[in-house]
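The structure appears below as structure tokens.
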Amino acid sequence: KALSTSYPHHFNYTQAIIDTAATDHFFNHRTPGLKNIVNKPGVSVLLPDGSTTQATGTGMLPILGRGAKEQQVHLLEKFPNSLISIPKLCDQDYTAVFTKDCVDIYKQKPTIQQTPIIQAPRNKTTGLWELQITQPQHIANYAHKIPTIRDKIKFYHQTCGNPVKS
């Protein structure tokens, strides 16, 4: 059985609680950005009130990392809050740094130059660290009508996130 420590207070499909006690990632089917959903009975999950529920399938959430193990989530039909499991990420060599204001999650041990792959602010009302999950946005970068080469270079530079010259 997997263990979950969700505190049901309302349904919010676009946020996930960063949870140090959850044994796996648990999400609702309606979470934006889920990929490769497989609907088949899954793990049995122990809830905080002592009851159990069964996962109705699995999916992949790419924002959780690059590997299949850290991306895989269990889907729970009537689950009020999605949970991101810190133990599961740590087992895949991730490091989580909690502060009073936010949690930063790194692929390995953090260095000064390294940026976290996940940053989640702490909700001042609940005291929980919550990650906002949004549907990936697609951007169409159309440069054919930019008149000068100088302007095209500036445009391409900006679409690449203004990288530093190397």
Side-chain angles (χ1 to χ4, degrees), residues 2-7 9-38 55 58-76 79-143 146 149-166:
L3 179 63
S4 157
T5 60
S6 174
Y7 301 99
H9 49 85
H10 65 284
F11 283 83
N12 186 341
Y13 305 116
T14 61
Q15 91 181 19
I17 295 169
I18 309 294
D19 196 332
T20 58
T23 56
D24 214 321
H25 305 313
F26 300 103
F27 282 77
N28 189 286
H29 285 271
R30 295 181 181 167
T31 302
L34 282 174
K35 308 261 186 240
N36 303 329
I37 294 175
V38 177
T58 59
M60 304 295 272
L61 194 60
I63 65 164
L64 296 178
R66 293 189 183 108
K69 284 187 179 181
E70 56 261 33
Q71 287 184 15
Q72 184 180 31
V73 302
H74 296 282
L75 303 175
L76 302 174
F79 207 57
N81 294 101
S82 295
L83 301 176
I84 294 174
S85 169
I86 290 298
K88 181 175 181 173
L89 291 175
C90 288
D91 288 344
Q92 297 301 313
D93 295 324
Y94 285 76
T95 300
V97 178
F98 288 85
T99 67
K100 67 178 184 176
D101 297 317
C102 70
V103 60
D104 294 333
I105 300 174
Y106 300 87
K107 175 53 182 152
Q108 294 157 347
K109 291 184 180 178
T111 63
I112 293 172
Q113 300 88 359
Q114 190 178 11
T115 56
I117 62 159
I118 294 174
Q119 285 187 303
R122 191 170 188 189
N123 182 316
K124 301 295 183 200
T125 304
T126 65
L128 301 172
W129 291 266
E130 298 172 350
L131 176 67
Q132 291 302 119
I133 300 172
T134 58
Q135 187 69 19
Q137 293 184 351
H138 301 281
I139 300 171
N141 296 317
Y142 185 73
I146 296 175
I149 291 175
R150 180 184 174 130
D151 288 341
K152 282 186 182 183
I153 290 171
K154 183 178 177 183
F155 171 78
Y156 289 132
H157 185 72
Q158 289 173 340
T159 59
C160 292
N162 293 317
V164 177
K165 293 179 184 178
S166 56

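Computed from a predicted structure; not experimentally measured.
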Minimum heavy-atom separation for [X] and [Y], please, with both atom names.
| X | Y | value |
| --- | --- | --- |
| Leu83 | Ala22 | CD1-CB, 4.2 Å |
| Ile146 | Lys152 | O-CE, 3.1 Å |
| Pro87 | Asp19 | CD-O, 3.8 Å |
| Asp24 | Gln72 | OD1-O, 4.2 Å |
| Thr115 | Tyr106 | C-CE2, 3.9 Å |
| Leu34 | Ile37 | CB-CD1, 4.1 Å |

N/O donor-acceptor pair under 3.5 Å between [X] side chain and [Y] backbone:
| X | Y | answer |
| --- | --- | --- |
| Asn123 | Thr126 | yes |
| Arg122 | Trp129 | no |
| His25 | Ser85 | yes |

Test of understanding: with side-chain hydrogen bond (donor to acceptor under 3.5 Å, both in side chains), list the residues that count as partners of Gln92, not counting sequence neighbours. none

Measuring from atom CD of Gln15 to atom CD of Glu130, what distance do you get when rounded to the nearest 0.5 angstrom?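 Separation between the atoms: 4.0 Å.
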
Look up atom CG in Leu128 and atom CD1 in Ile17, then write down how far apart they are to the nearest 0.5 Å. 5.0 Å

Assess the residue pair Phe27 and Leu75 against the criterion (side-chain contact (heavy atoms from CB on, under 4.5 Å)); give the C-alpha distance rounded to whole Å, side-chain angles, the decisive distance to 0.1 Å, and a yes or no. CA-CA 5 Å; Phe27 282 77; Leu75 303 175; 4.3 Å; yes

Run the side-chain contact (heavy atoms from CB on, under 4.5 Å) test on Thr20 and Phe98 for me, step by step, so that the C-alpha distance in whole Å, both residues' side-chain angles and the decisive distance to 0.1 Å come before the verdict. CA-CA 10 Å; Thr20 58; Phe98 288 85; 3.7 Å; yes

List the residues meeting side chain to side chain contact (heavy atoms under 4.5 Å, CB included) with Cys102, not counting sequence neighbours, and say none if there are none.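 By the side chain to side chain contact (heavy atoms under 4.5 Å, CB included) rule, Cys102 matches Thr99, Asp104.
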
Side chain to side chain contact (heavy atoms under 4.5 Å, CB included) filter on Ala120, not counting sequence neighbours, yields Ile18, Val103, Leu131

Pair Thr95-Leu89, side-chain contact (heavy atoms from CB on, under 4.5 Å): steps then yes or no: CA-CA 8 Å; Thr95 300; Leu89 291 175; over 6 Å; no

